[in-house]
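By convention in this document, chain letters (A, B, ...) are assigned in the order of the sequence lines, proteins followed by strands, and residues within each chain are numbered from 1. These numbers were taken from a predicted model, which means no experiment stands behind them.
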There are 2 protein chains.
Amino acid sequence: MSTIHDVAKLAGVSTATVSRVINSPDKVRSITRGKVQQAMEMCRYKYNALARGFVTKKSNTIGLIVPNINNPVFAESTLGIQDYASQHNIQVILGNSYYQQDLEAGLINTFLEKQVDGLIITTANPKGGQIKSLLDDQFPFVQLYSTIKKGPVSAVGIDNYKGGYEATLHLVELGHRRIGMIAGRFNVSDRSFHRWHGYKKCLRDNDISYDSSLLLQTDYALSGGRECVKQFMGLKKRPSAIFCSNDYLALGAIKGAREIGLVLPQDLSIIGFDGIQIASYVTPSLTTIQQPAYEMGKIGADVLFQQMADGNKPVQKMLDFKLITRESTVQYKVPNK
Amino acid sequence: MSTIHDVAKLAGVSTATVSRVINSPDKVRSITRGKVQQAMEMCRYKYNALARGFVTKKSNTIGLIVPNINNPVFAESTLGIQDYASQHNIQVILGNSYYQQDLEAGLINTFLEKQVDGLIITTANPKGGQIKSLLDDQFPFVQLYSTIKKGPVSAVGIDNYKGGYEATLHLVELGHRRIGMIAGRFNVSDRSFHRWHGYKKCLRDNDISYDSSLLLQTDYALSGGRECVKQFMGLKKRPSAIFCSNDYLALGAIKGAREIGLVLPQDLSIIGFDGIQIASYVTPSLTTIQQPAYEMGKIGADVLFQQMADGNKPVQKMLDFKLITRESTVQYKVPNK
DNA sequence: CACCTCTTTGTAATCGTTTACATTTTTATA
DNA sequence: TATAAAAATGTAAACGATTACAAAGAGGTG
């Protein structure tokens, strides 16, 4: 494989000039430029971005860690990040933490060794040691989907507390009083945790006493929702509505409810969270809290790039979410039995 | 940031020894090793994988190009690839081609500049120029989801022709004679193209004359399926069943059919392709041809790693797919009207 | 044409590792 | 204990670009 030296020799110029032709062509006379370009063609020169990264100490790569790319909401924000990044000639290394802190820590480490210029993380634990040491090193990174409103960490997300509140309020306003919650595990998702707090607050505000048997924590997966809904329906005092802390859980819950013979949405109202596209395509279509995932990715990348450029003070951005009312939630009716 | 030199000086050894401690610790006496490790701690040494890549000419990175990570089937194979790769200490740079050849070509270029050790591509056009030049350069890469059974390109996929045939056969065996197909655009997906050929062949084998008005090509997206099904139902002679060349299209079609008042599956049978998880969670649950996406990713990565290791001859692997019969397809009944 | 300024090009060090080869130290054996 | 063999360590060049600084060339002016 030919290098900048071969090109230089062939064109009869110095390597500095070749480098200039590549990086700032207007700084070299057009005659010379022509010679160099011709030489590059002749020896089928391929630019080595790794070598450049080595000397400039910029890899033009950022690391992205998501819990699971499987979940469309993360796929969507990933698209936002990638589109933004590629516009700026930056590539994205992707890693899945599978909601596991040790895996996440490992990924962060590897990415740092790879000299990524920045990191975007939807973290299991925003207070984890790995994150702290990123901060200590002043390394550019931003948390995505977070709830953090201020502090040393740059973050882009929505107010999950409020989101949980509104989701619950929607059910309350439909007349439901016995409202279950199927939540992603709190110890790996502070999003879920905050949504739960919003849920509790809303119940309290509406004089509904909190019943801990109506909270189920589970893995963030279709199967999780499916199993939990069955557990709820085994209860003596069943809920008439369920708030699921993400759409995948909700889709699973719909399926599970059907499997035990419930008629939806009459027998059970279900509301999700995220607003993934597919949620509007199922039956009954899913009422949900929609967050702007793609946008969040773009903005997250933008914030990161600021950090990278001017090592600015940390920035937090709270985006708006939106309650999307669809078929899966209906007015409460006393069961006739 | 401290380097290997700082460590060496602090530990009173040469850089070579430090390097050995990092890469093959058993080659250095444990006393020395201890001194070095201590020194590394003391100056908070961080390994620079970029520098290593530069000298070894291995970036320990592979490039992955998918049409759209949004589609769960690609997310799934991506997981397979990543899991396999991270077990081998390799990272994955991800790019979306959005089914566009120029974007794909751009990504390939950038990834090559970044000195990726190999490439996994689900390509828009397996005969495109960019792919050809990869082959000419003997660059390790494998095509995923492809149909290629032999030739110079390593490929892992399923027999899409057969898949299309079986999907159609399933409908035929249910008594359907007027069977539409909603397909991803042939010019950007040879998978779709091959499935269509299987579809045609199956019709012919069963003495059903091919009607070109029953083929609709569209973008691979939920919305595509939704629109096309409406177009079909506007026909004088409507199909009683539809084969969608992927599940997203099918899910869209289900939605679209509902919107124009059809009762599913009685009024219209729909079969998809891919076997994404969510397809079993919708109503009616989707009959589909399931391909082993996660496995495909793993095997694809494995094949790639072979190529990288011993520059072996190209390998093609055809995996098995499976017809999963669910609620969305039923016996044909003469419409009562 | 001499002089100055501005543009273009060249020189050579540098980035942080790895590694072939040379040298030293340790261990095993007679 | 001498010596050969094996193990551990060191030396220094190399990888392919960038870039500060120096040098040369071009162009303009009086």
Side-chain angles (χ1 to χ4, degrees), chain A residues 1-40 43-61 89 91 109-117, chain B residues 1-40 43-61 89 91 109-117:
Chain A
M1 195 94 303
S2 59
T3 76
I4 212 178
H5 287 97
D6 306 321
V7 176
K9 196 181 294 177
L10 196 62
V13 301
S14 74
T15 62
T17 299
V18 178
S19 178
R20 286 189 199 103
V21 169
I22 295 168
N23 296 294
S24 37
D26 41 319
K27 274 192 190 151
V28 9
R29 225 167 11 142
S30 67
I31 302 175
T32 325
R33 201 191 312 145
K35 276 192 293 183
V36 171
Q37 281 164 341
Q38 206 175 329
M40 293 203 293
C43 47
R44 303 190 71 220
Y45 171 71
K46 296 257 166 65
Y47 185 70
N48 185 333
L50 204 65
R52 167 200 231 165
F54 175 52
V55 13
T56 61
K57 296 167 172 321
K58 294 235 137 290
S59 64
N60 290 321
T61 303
N89 268 301
Q91 275 63 58
N109 249 323
T110 325
F111 286 1
L112 289 179
E113 286 190 350
K114 279 257 158 84
Q115 310 298 112
V116 294
D117 301 329
Chain B
M1 195 94 305
S2 59
T3 76
I4 213 179
H5 286 99
D6 306 321
V7 176
K9 195 181 293 178
L10 197 62
V13 300
S14 73
T15 62
T17 298
V18 178
S19 178
R20 286 189 199 102
V21 169
I22 296 167
N23 296 294
S24 38
D26 42 321
K27 274 192 190 152
V28 9
R29 226 167 11 145
S30 67
I31 303 173
T32 326
R33 201 192 310 145
K35 276 192 294 185
V36 171
Q37 283 163 341
Q38 204 174 332
M40 292 201 296
C43 47
R44 304 190 72 223
Y45 171 71
K46 296 256 166 66
Y47 185 69
N48 184 333
L50 204 64
R52 166 199 232 166
F54 175 52
V55 14
T56 61
K57 296 170 172 319
K58 294 236 137 289
S59 64
N60 290 320
T61 303
N89 268 300
Q91 275 64 57
N109 250 323
T110 325
F111 287 1
L112 289 179
E113 286 190 350
K114 279 257 158 86
Q115 311 299 110
V116 294
D117 301 329

Between [X] and [Y], is there a donor-acceptor pair closer than 3.5 Å when you use the side chain of the first and the backbone of the second?
| X | Y | answer |
| --- | --- | --- |
| B:Lys114 | A:Asn60 | yes |
| A:Thr15 | A:Ile4 | no |
| B:Thr3 | B:His5 | yes |

With distance as the sole criterion, do the side chain of B:Arg20 and the base of D:dG10 form a donor-acceptor contact below 3.5 Å?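 Indeed, a donor on one side and an acceptor on the other fall under 3.5 Å apart.
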Starting at [atom1] of [X] and ending at [atom2] of [N], how long is that distance when rounded to a whole Å?
| X | N | atom1 | atom2 | answer |
| --- | --- | --- | --- | --- |
| B:Asp6 | C:dG16 | CG | P | 9 Å |
| B:Leu50 | D:dT18 | CG | P | 13 Å |
| B:Lys57 | D:dG16 | NZ | P | 3 Å |
| B:Ile4 | D:dT11 | CD1 | P | 14 Å |
| B:Lys27 | D:dT9 | NZ | C1' | 13 Å |
| A:Lys9 | D:dG16 | NZ | C1' | 14 Å |
| B:Glu113 | D:dG16 | CD | C1' | 13 Å |
| A:His5 | C:dT11 | NE2 | C1' | 11 Å |

Nearest heavy atoms of B:Phe54 and A:Leu50, plus distance in Å: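 Taking every non-hydrogen atom into account, N-CD2, 3.7 Å.
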Of all the nucleotides listed ([options]), which has the minimum atom distance to the side chain of [X]?
| X | options | result |
| --- | --- | --- |
| B:Ala51 | C:dT17, D:dG10, C:dT9 | C:dT17 |
| A:Asn48 | D:dG16, C:dG16, C:dT19 | D:dG16 |
| A:Thr32 | D:dA12, C:dT17, C:dT8 | C:dT8 |
| B:Arg29 | D:dA8, D:dA12, C:dG16 | D:dA8 |

Could you check whether [X] gets within reach of a base, just the sugar-phosphate, or nothing at all, counting any heavy atom under 4.0 Å?
| X | answer |
| --- | --- |
| A:Lys58 | nothing |
| B:Val28 | sugar-phosphate |
| B:Val13 | sugar-phosphate |

Check whether the aromatic ring of A:Phe54 stacks on the base of C:dC15, taking stacking as ring centres less than 5.5 Å apart and planes within 30° of each other.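 Given the distance and angle limits, yes, they stack.
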Please confirm whether the shortest side-chain N or O distance from [X] to OP1 or OP2 of [N] is below 4.0 Å.
| X | N | answer |
| --- | --- | --- |
| A:Ser19 | D:dT18 | yes |
| B:Arg52 | C:dT18 | yes |
| B:Thr17 | D:dT9 | no |

Using the closest heavy atom to pick a nucleotide of DNA chain D for each, name whichever of A:Thr3 or B:Ala16 lands nearer the 5' end.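 Upstream on the strand: B:Ala16.
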Taking atom CZ of A:Arg33 and atom CD1 of A:Ile22, what is their separation to the nearest 0.5 Å?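 One finds 13.5 Å between CZ of A:Arg33 and CD1 of A:Ile22.
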Student check: side-chain heavy atoms of B:Val18 and B:Val13 closer than 4.5 Å: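 In contact.
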